[in-house]
Structures are given as C-alpha cells and as structure tokens.
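Here's the structure we're looking at; comments come further down.
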Amino acid sequence: MKFGIFYEISVPRPWGPTTEYEVYQNCLEQVKLADELGFDQVWAVEHHFLEEYSHCSAPEVFLTACAMVTKNIRIGRGIVVCVPEFNNPIKAAEVAATMDIVSGGRLEFGTGRSATWTELGGMSADPDETKKTWDEWVRIIPKMWTEERFGYQGRAFSMPQRAVLPKPLQKPHPPMWVAVTSPGTELDAADRGMGSLGLTFGGFAEQEQKIAEYRRRIKYCNPVGSFVNEQVNTVNFLFCHEDNEYGAKTGQRLAGTFNYLAEQLLAARQAYPTRSYPNLGLLPALRREATSAPEGQIPEGLCIGNPDRIIEVIKKWESVGVDRINFLLNAIETVPQEEVLASLRLFAKEVMPKFAEKPAAKAPAAVGGN
Amino acid sequence: MPDRGTLAIDGLAPAEFDAGPLELRGRWLQLTFEVDRDAALRWLPADVTRPIPCYARLLVAEGETAAGPLRFAALGVGGRFRMMPRNVLAAAVVEGAGRLPALAGPAEPGEVRIEREGDDVTVRIAGTSGPLAEARLPAPYAIDPAMLRWDGWVVYAPEGGKTVLAEAPVSVDAAAARLAKGAAMTPAAGLDRGSPWRQLRTLLPISACIVEGTLRVGPAAVPAPMLLG
C-alpha cells in the first residue's frame with residue numbers, strides 16, 4: 001500500500017486579494033512535508049470554473065512547483081482533460097515530458113474527459129464527443145513520447161510527421177492512468193492497460209467488485225502505452241488525531257464540506273442527456289458517502305479518527321485490492337493549516353509504518369516498447 | 001460557501017394549495033438552459049443554493065388529466081435544496097383547467113401552444129396580459145427515454161399561516177422521446193423588466209427534450225427538517 005495526497009485546491013469565499021495565494025502556499029507547505037514524511041505521490045486535478053470547489057486549472061504549474069520543493073514524492077497530473085476545447089494532445093505530451101524531466105522522472109500521467117456541464121459548457125465542448133477524443137488521445141500521446149517522429153491521421157486529431165519534444169525522462173514513458181468517476185470507466189482503464197485512478201469514495205463491497213473486474217479484464221488488455229500499468233489508486237479523506245472523537249468529528253466536517261461544494265456543480269448527465277455520460281458520476285457517490293452512516297457514526301471507508309481506526313480502515317481497503325490511497329486534506333480551509341500538518345505527521349508516524357513492510361505498489365510491467 | 005437565494009417567500013403560497021398529484025397523458029417538453037446568476041438568485045429562496053452555472057428549466061405539457069384536457073408551462077430555476085438538485089418554481093401558466101395541481105404556486109391562466117414547424121418544434125406561452133415567451137427546439141431526434149432525468153420541483157405551500165417550501169417529485173412513463181440541441185427560451189418583446197420570463201431568459205442553451213407518455217408531478221409535500229453540515 002502506498003499513500004499520496006490529492007488536491008482540488010478549493011478556495012473559500014470571501015475571495016480577498018491574497019486568498020488564492022494563501023491556499024496555494026498552504027498546499028505547497030503540505031506537499032513539502034508529505035515528501036519529507038515519506039508519502040509516495042501528490043496528485044492535482046485539472047478543473048475549470050468550479051467556484052470554491054476547485055481553483056486548480058493549471059495543475060502542471062502547481063505540480064512543477066511541487067517538484068521543485070520536494071525530492072522523492074511522485075507528481076500526478078490528475079488529470080489532463082483529453083478534449084480539444086480544453087487541451088491539445090501535442091502540447092499535453094510536451095508539457096508532461098517536460099514535467100517528467102524537471103522532476104527527475106517523477107511524473108504520473110492521468111487522463112480523463114471532464115464530467116461537469118460547468119466545464120464542458122464553459123469550454124463549448126460537445127459532451128457527445130469527449131469519450132471519443134479521450135480514447136484517441138490516450139493512444140497517440142505515448143507514441144509521441146516514444147517515437148522519434150510521429151504523424152497521425154485520426155478522427156478528431158491529425159498532425160503531419162514531426163518530432164514531439166522533449167521526450168520523458170522515464171523510459172519508455174510515465175505510467176498512464178484514467179480518472180474513474182463513472183461506473184464502467186475502470187473497465188475502460190483495464191481494456192487499455194491503464195491504471196485506475198479512482199475518484200469515488202464508495203464502500204468496500206462496491207469497490208471490491210469493481211477492482212476484481214478491473215484485475216480480470218486487464219489480463220486481456222490491449223495496452224495503449226508501452227507497458228501495462230495495473231494499479232488501483234483511490235481517493236479518501238484524511239484527518240488523523242490522537243483523540244478519535246475529535247478526529248472523526250473534524251474529518252466528517254471536512255468530508256461534509258467537500259461534498260456540499262460538489263453538490264453545487266452541474267454534472268454533465270444531469271443537464272445533457274447523452275450516452276457519453278450514462279450516469280451522474282461523482283456526485284451521487286459523494287451524496288451517498290455523506291449520508292451513508294447512521295447519525296453519530298463514521299462512514300465505513302473514511303480515513304478519519306485516531307491512528308488505530310485509520311489503520312483498520314486502510315487494512316480493509318488493502319484487502320479489497322487497492323494499491324494506493326490518495327488523501328484529500330482540506331476543503332475551503334475548513335481545517336486549520338497547523339491541524340492539517342499535524343494530521344500528516346501523526347499519520348506518517350503511527351499509520352504508515354504498519355504498511356511499510358507490505359509489498360509495494362506493483363511496478364509497471366514492461367510489455368515491449370523502447 | 002455557495003450563494004443562497006434572496007427571494008422573500010412570505011405570501012407566495014396560493015390561498016388554496018392543491019398538492020396534487022398531477023397526472024397527464026400526452027406530451028411534454030423540458031428545456032434546460034443557463035441563465036444570469038443575479039436573476040437566478042432573485043428567484044431562489046434562502047433555503048436553496050445556486051448551482052454553478054445557474055440554469056433554468058421550462059416544462060411545457062399538453063394532454064389529458066382526470067379533470068379534463070390541460071396545457072401548462074412551468075418555469076423554474078435550478079437549485080440545490082437539501083443537497084439535491086431541484087427546480088424552484090418561478091412562474092406558471094395554465095390553460096384548460098381551473099388550477100394546476102402540485103405546481104400551483106404563482107400560476108396564471110393563459111395560453112400554451114406546442115406546434116411543429118418544419119423540422120422544429122415551437123412553444124408559445126401567453127398570460128393574461130399577452131405573450132410571455134417562446135421556445136424553439138431545432139430538429140429534435142429520437143433517443144432512448146431512459147437517458148432523460150427528471151428533477152423534482154420546489155413550490156410554495158401554506159403551513160400554519162406561513163409560506164413554506166414543499167417538494168413535488170416528478171416521475172414519467174415515456175413511450176418515446178426526442179432530444180434537441182441549441183433550444184432556447186426567448187421572452188416576448190415588451191415584457192416588464194421584473195417578469196421572470198424576461199429575467200430568466202436563455203444565456204446558453206444546454207438541452208431540450210420532447211416526450212410522449214404519462215407525466216406525474218407531486219403530490220407536493222413539506223419535507224421534515226434536516227440539519228446540514
């Protein structure tokens with residue numbers, strides 16, 4: 001089991017002249033500490049227009065700053081929105097390769113397609129097209145990294161033969177992931193030999209079934225990259241405190257605030273009927289999570305409370321097949337920065353050692369490439 | 001935290017509130033479109049937060065009910081009530097029946113027409129003082145009705161001498177459905193600046209559908225108190 005931290009970078013109102021600056025500085029301080037404490041990875045989302053919920057529209061910049069203040073922690077682009085109204089596949093490949101170089105080969109490359117009308121509508125993207133463009137991009141980006149010169153004639157993207165430069169430091173290329181918010185997307189990840197970057201919080205039984213099917217399918221995959229990245233990454237909330245009651249109460253406040261903010265967004269499926277978004281994705285999962293436990297009890301899968309409770313929860317996640325857990329540490333600064341840092345320290349001291357002797361997350365299995 | 005509505009609701013409940021349910025066999029349209037943030041907040045009560053972006057929903061129906069033929073148009077603002085997506089009723093026009101069950105907030109008598117014009121479908125809505133709005137659904141195409149979702153409505157109900165929020169769930173049995181992209185609601189020229197039909201005009205179309213089958217709205221009920229974090 002490996003542990004990471006995960007950023008939406010939510011910024012509370014009222015927005016003063018330095019509010020965003022202060023939140024970003026807090027995040028960088030947390031990342032620096034997490035690196036010193038032995039956390040394995042830091043992920044940052046790409047979101048646009050999501051007031052308060054996420055002010056992280058240029059994660060490549062934030063993550064580069066993270067790389068510059070850390071030594072070992074891997075930096076997760078979570079995710080590149082593979083939709084032409086948001087990004088360009090050549091530029092995405094170039095930026096990722098540059099991040100990999102300047103970080104000393106620490107990039108994890110997440111892909112996705114956005115799940116909110118807030119963003120898709122704001123970028124004038126057609127929700128009917130996003131899955132097709134995502135599928136095309138994840139097949140060509142690794143080729144841009146590994147082929148000396150690359151040319152392509154596709155459905156949504158074409159380019160004449162050019163050398164896409166620079167090339168990533170990691171050979172053959174950084175591990176590739178798919179953001180999984182909708183049921184079934186984990187199978188898309190498996191079929192393409194990509195890691196499952198789970199962004200839902202569902203209970204153990206639900207996740208166990210999905211992970212088992214992912215593991216089964218990926219055995220027969222046709223990898224889009226040069227190797228199969230069979231790993232299951234999931235997201236959770238973290239607030240670790242010696243006092244279980246205080247830890248749980250604070251953690252639930254954190255989770256409740258995050259979920260409340262998420263509810264204000266407009267899911268693509270909610271407003272725009274399309275087979276491309278067959279369900280509501282993250283939002284109902286968050287709603288279920290917020291209300292899944294009886295009054296006064298902690299939802300079963302959340303990593304909040306004292307170290308003993310969190311160890312038990314992580315053991316269960318481990319038993320259902322999760323390789324990595326990434327933690328959301330705050331939401332609109334609900335938890336004071338000093339308490340966030342103390343929570344990280346306590347987790348690293350009391351919880352991480354319990355999992356240190358376990359087998360590490362599976363190394364990417366090379367299946368060819370250069 | 002998210003913006004809350006600013007609408008004062010005292011006095012908005014109709015004197016004779018009919019909680020419904022409304023059951024209509026026929027056809028109906030639902031348009032979803034982005035609207036101005038300030039206008040949305042003006043038509044949302046304080047217990048409802050605004051989504052990002054703000055949107056409105058126009059539900060227009062014609063068909064048979066137990067009380068006879070009915071046509072109506074209901075204009076609502078998208079909001080989050082008790083953390084759930086809901087359409088908050090801002091205005092309604094009813095034709096052919098004395099009242100509009102479940103959605104009987106600020107309903108006024110008028111005319112509602114759904115007409116086919118070439119490949120398009122057009123809706124015209126008029127109140128007692130004249131035309132209110134028009135909507136055009138360009139070239140709708142057939143889809144699986146299961147792709148559509150129906151949020152409940154929030155309406156104003158009297159309770160103990162006060163006005164409170166009530167929820168009216170929506171359910172459908174759809175025999176056929178069509179979807180249109182780029183559908184917009186346009187207010188009639190010369191409407192009063194304070195009219196919801198003018199304030200909640202389309203800024204950006206999202207989607208629109210036309211459905212044949214049975215539409216059920218309500219009964220409206222006042223939910224139990226809920227503590228939110």
Side-chain angles (χ1 to χ4, degrees), chain A residues 10-14 47-54 116-124 126-128 249-280 283-284 286-291 295 331-334, chain B residues 1-5 30-35 37 40 44 48-57 77-87 140-152 174 177-183 202-211 226-229:
Chain A
S10 58
V11 179
R13 286 195 174 92
H47 278 316
H48 304 268
F49 318 126
L50 306 188
E51 300 169 35
E52 288 196 290
Y53 178 83
S54 174
T116 69
W117 173 262
T118 317
E119 294 166 280
L120 294 164
M123 292 290 188
S124 301
D126 183 346
D128 286 325
K249 193 175 171 187
T250 304
Q252 283 188 286
R253 193 175 78 239
L254 159 63
T257 302
F258 180 86
N259 296 346
Y260 185 60
L261 292 173
E263 287 296 337
Q264 312 307 317
L265 310 178
L266 185 55
R269 174 71 177 82
Q270 196 180 334
Y272 190 100
T274 168
R275 291 197 186 284
S276 185
Y277 292 91
N279 55 58
L280 289 169
L283 301 183
L286 288 171
R287 189 180 303 129
R288 277 201 309 273
E289 188 59 43
T291 56
E295 184 76 20
I332 55 170
E333 307 301 277
T334 297
Chain B
M1 296 299 271
D3 295 320
R4 292 184 168 278
Q30 179 172 271
L31 275 75
T32 306
F33 46 94
E34 292 190 25
V35 298
R37 170 187 172 278
L44 290 176
V48 179
T49 56
R50 64 131 178 150
I52 304 168
C54 293
Y55 63 91
R57 283 227 158 96
V77 188
R80 301 291 179 262
F81 179 53
R82 298 157 62 89
M83 290 184 74
M84 298 297 289
R86 294 286 180 264
N87 310 310
Y141 55 93
I143 60 163
D144 177 357
M147 290 169 63
L148 301 171
R149 58 168 284 120
W150 307 94
D151 293 332
R178 288 179 292 159
L179 187 71
K181 295 181 179 178
T202 302
L203 292 188
L204 179 69
I206 299 179
S207 68
C209 61
I210 308 169
V211 182
M226 177 185 180
L227 292 176
L228 293 178

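Order of the sequence lines sets the chain letters (A, B, ...), proteins ahead of strands, with each chain counted from 1.
Heavy-atom distances place the backbone of Pro205(B), and not its side chain, under 4.5 Å from chain A. Residue contact with chain B, scored on non-hydrogen atoms closer than 4.5 Å, involves the side chain of Glu52(A) exclusively. With a threshold of 4.5 angstrom between heavy atoms, Ala177(B) does not approach chain A through any atom at all. In this structure, the portions of Ile206(B) lying under 4.5 Å from any heavy atom of chain A include both its backbone and its side chain. Within the 4.5 angstrom heavy-atom criterion, only side-chain atoms of Thr32(B), from C-beta onward, approach chain A. Neither the backbone nor the side chain of Phe33(B) comes within contact range of chain A, judged by heavy atoms closer than 4.5 Å. Heavy atoms of Ile52(B) lying under 4.5 Å from chain A belong to its backbone as well as its side chain. The contact between Arg57(B) and chain A is made entirely by side chain atoms (from C-beta outward), counting heavy-atom distances below 4.5 Å.
For the set Pro51(B), Pro2(B), Gly79(B), the count of heavy-atom pairs under 4.5 angstrom toward chain A peaks at Pro2(B). Among Asp128(A), Ile332(A), Leu120(A), the residue making the largest number of heavy-atom pairs under 4.5 Å with chain B is Asp128(A).
Judged by distance alone, the side chain of Arg269(A) and the main-chain N or O of Ser276(A) form no donor-acceptor pair under 3.5 Å. Between the side chain of Glu119(A) and the backbone N or O of His48(A), at least one donor-acceptor pair lies under 3.5 Å.
Aromatic ring pairs are classed by plane angle as parallel below 30°, tilted from 30° to 60° and perpendicular above 60°; the pair Phe258(A) and Tyr53(A) is tilted.
In the model, Trp150(B) has no side-chain atom that pairs as donor or acceptor with a side-chain atom of Gln30(B) under 3.5 Å.
Heavy atoms of other residues, nucleotides or ligands lying less than 6.0 angstrom from CZ of Arg37(B) number more than 12. Summarising the local packing, NZ of Lys249(A) is surrounded by 12 or fewer heavy atoms from other residues, nucleotides or ligands at distances under 6.0 Å.
Going from atom CG of Leu50(A) over to atom OG1 of Thr116(A) covers 5.0 Å, rounded to the nearest 0.5 Å.
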